[in-house]
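Here is the naming used below: chain letters follow the sequence lines, and residue numbers restart at 1 for every chain.
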2 protein chains.
Amino acid sequence: MLASALRLVDTEPPSLHADIVNQLRDFIVEGHLAPGMRVPERELCEKFDISRTPLREALKVLAAEGLIELLPNRGARVRQFSEADIRNLFEVISGLDFVAGRMACTRITDAGIAEIEAMHLEMYTCYLRRELTDYFRINQKIHQAIVDAVGNPVLSANYAKLNAVVRRLRYAANLVRRDRLGDAMREHEQIMDALRRRAGDELGLLMFEHMQRKCEAVCEHVQEQPEARQRPE
Amino acid sequence: MLASALRLVDTEPPSLHADIVNQLRDFIVEGHLAPGMRVPERELCEKFDISRTPLREALKVLAAEGLIELLPNRGARVRQFSEADIRNLFEVISGLDFVAGRMACTRITDAGIAEIEAMHLEMYTCYLRRELTDYFRINQKIHQAIVDAVGNPVLSANYAKLNAVVRRLRYAANLVRRDRLGDAMREHEQIMDALRRRAGDELGLLMFEHMQRKCEAVCEHVQEQPEARQRPE
DNA sequence: GCATCCAATTTTGCATACAATATATTTACG
DNA sequence: CGTAAATATATTGTATGCAAAATTGGATGC
């Protein structure tokens, strides 16, 4: 998903380098490297079967994305996000959700709306059955679908990048704070309603506020369970 | 300006690598390399007095930012922006302006408002005197100041990066379409008014719409004068 | 005279090598 | 026995080297 979004903004054929960046990003986002941990260059070189040069190029890119930080002469570390960091990220993401909602209404096809409607129903089913993993997965898909419906590769790419960073956190928050789930579901109902009516002004604000609330939920969760302080080494 | 914004998101002491990225970005943004042109690795190595390895690392980062594109086995080229590209960029930027306006109102100090007020008056003077270069420069400063007033490094960094890409174009548009200037000035009056009242809801939308209109102005300009098709080589 | 094919050169992408810096281990000393 | 200096090791950052691919120049054929 992220790979394809990023592919759109670079307009070139699939390149080896981009693949390594994406593989490494996924590897980190999926939590194989604990936050605060050193990024083991040699290990990763062996894992991806490449030399240090292309790996280090990828590290610079991921550092620019904010996923890792580069300490001069002391290598790369997986970034640890404080509550403030998370709020900052969500603030930017919600701004993108705002434009996404607003613009999607003017450009999405009827078929596109139908697709999102289908996902929404599917998510509702998961909600009723309390299948949280699937609920979360479809939730993400809906947001990405609305963003992609705008047909703006720059938006899609930036959205995907920022989301990569907070993905795990959002998941955890949904799992923990079950009472949030009902509110989120109601907000999604409103979002669908505005989308059906192609009420862009309304949808933009709804999505913005929806993300702001999701931010609060995630932050509350992070406070309770300070996100895997797994030996910052 | 951009360098400092980016420094905030990376939390490390100034590194040589980051410097090269910033130098190279400025070099491109300032127009020393024509859009569509090949990026001459060897020349730049000599210019910055470094070897190819760190230069190539910088190129990957700038490619991720969308400033250049990497063609496999055919090196880096300075990206040429179509009208669609510019619209896409502005769409994202205006989303960031939306959050910026909204959030700035809740966090900016009275002193901060006073500073922006001062810049606004200075800009108005330039407007009256038709000093377009200064007008434009202060205009940019005001937007950046509102964004920075939010106190969100992620927002500031992303905003600065996206703006780097369109900076020259905006400048050109303001110079060409003089009738736009009066409208822009009126919009800025409204923006100042909302900021004084700390009316976040209002300011967010005002800034969003302001950027949308600026986008239109830039695009009209680009159509007339298809942005330096200087031998795409 | 123009297009096409082939060799020579340049450029790219990756691997490796090497100096500088940080980390770990050992050793000396209080 | 604990602490600190000193050495050894590993890791980082950059330069260089080399194979593969692309570009260039020129010769050949039509």
Next on the checklist: What I want to check is whether the side chains of Asp97(A) and Tyr159(A) have a donor and an acceptor closer together than 3.5 Å.
Outcome noted: yes
Next on the checklist: Does either side chain, that of Ser82(B) or that of Asp85(B), offer a donor lying less than 3.5 Å from an acceptor on the other one?
Outcome noted: yes
Checklist entry - Thr53(B) side chain N/O closer than 4.0 Å to the phosphate oxygens (OP1, OP2) of dT14(D)? => result no
Checklist entry - For DNA chain C, whose closest nucleotide is more 5', that of Val39(B) or that of Pro54(A)? => result Val39(B)
Item to check | Rounded distance in Å - CD1 (Ile50(A)) to C1' (dT16(C)) | outcome: 14 Å
Checklist entry - Quick one: Leu59(B) CG to dC14(C) P, roughly how many Å, whole number? => result 13 Å
Checklist entry - Could you state the CG-P distance from Leu71(B) to dT23(D), rounded to the nearest angstrom? => result 9 Å
Item to check | Whole-Å gap separating C1' (dA15(C)) and NE2 (His17(A)) | outcome: 17 Å
Next on the checklist: In whole Å, I'd like the distance from the CD atom of Glu43(B) to the P atom of dT10(C).
Outcome noted: 15 Å
Next on the checklist: Does the plane of the ring in His210(B) sit parallel, tilted or perpendicular to the ring in His143(B)? Use 30° and 60° as the thresholds.
Outcome noted: parallel
Item to check | Rounded distance (Å) that lies between atom P of dA15(D) and atom CZ of Phe48(B) | outcome: 14 Å
Next on the checklist: Let's go through Glu216(A) and Arg87(A) carefully: what are the C-alpha distance in whole Å and the side-chain angles of both, what is the deciding distance for salt bridge (Lys or Arg N to Asp or Glu O under 4.0 Å) to 0.1 Å, and is it a yes or a no?
Outcome noted: CA-CA 8 Å; Glu216(A) 284 309 319; Arg87(A) 282 183 192 278; 2.7 Å; yes
Item to check | Salt bridge Arg180(B)-Glu220(B), side-chain N to carboxylate O under 4.0 Å | outcome: no
Checklist entry - Which part of the nucleic acid, if any, lies within reach of Arg56(B) when heavy atoms closer than 4.0 Å are counted: base, sugar-phosphate only, or nothing? => result base
Next on the checklist: So if I take every side-chain heavy atom of Asn73(A) and compare against dG13(D), dC14(C), dT14(D), which nucleotide ends up nearest?
Outcome noted: dG13(D)
Checklist entry - How would you label the contact of Arg52(A) with the nucleic acid (heavy atoms, under 4.0 Å): base, sugar-phosphate, or nothing? => result base
Checklist entry - Looking at the side chain of Arg38(A), which of dT11(D), dC14(C), dG13(D) is the nearest nucleotide? => result dT11(D)
Next on the checklist: On the nucleotide dT23(C), are OP1 or OP2 found under 4.0 Å from the side-chain N or O atoms that Arg74(A) carries?
Outcome noted: yes
Next on the checklist: Can you measure Arg42(A) atom CZ to dT12(D) atom C1' for me and round it to whole angstrom units?
Outcome noted: 11 Å
Checklist outcome for this item: Taken to the nearest whole Å, CD1/Ile20(A) to C1'/dC14(C) is 10 Å
Item to check | Residue Glu41(A), side-chain atoms from C-beta onward, closest of dA15(C), dT12(C), dT12(D) | outcome: dT12(D)
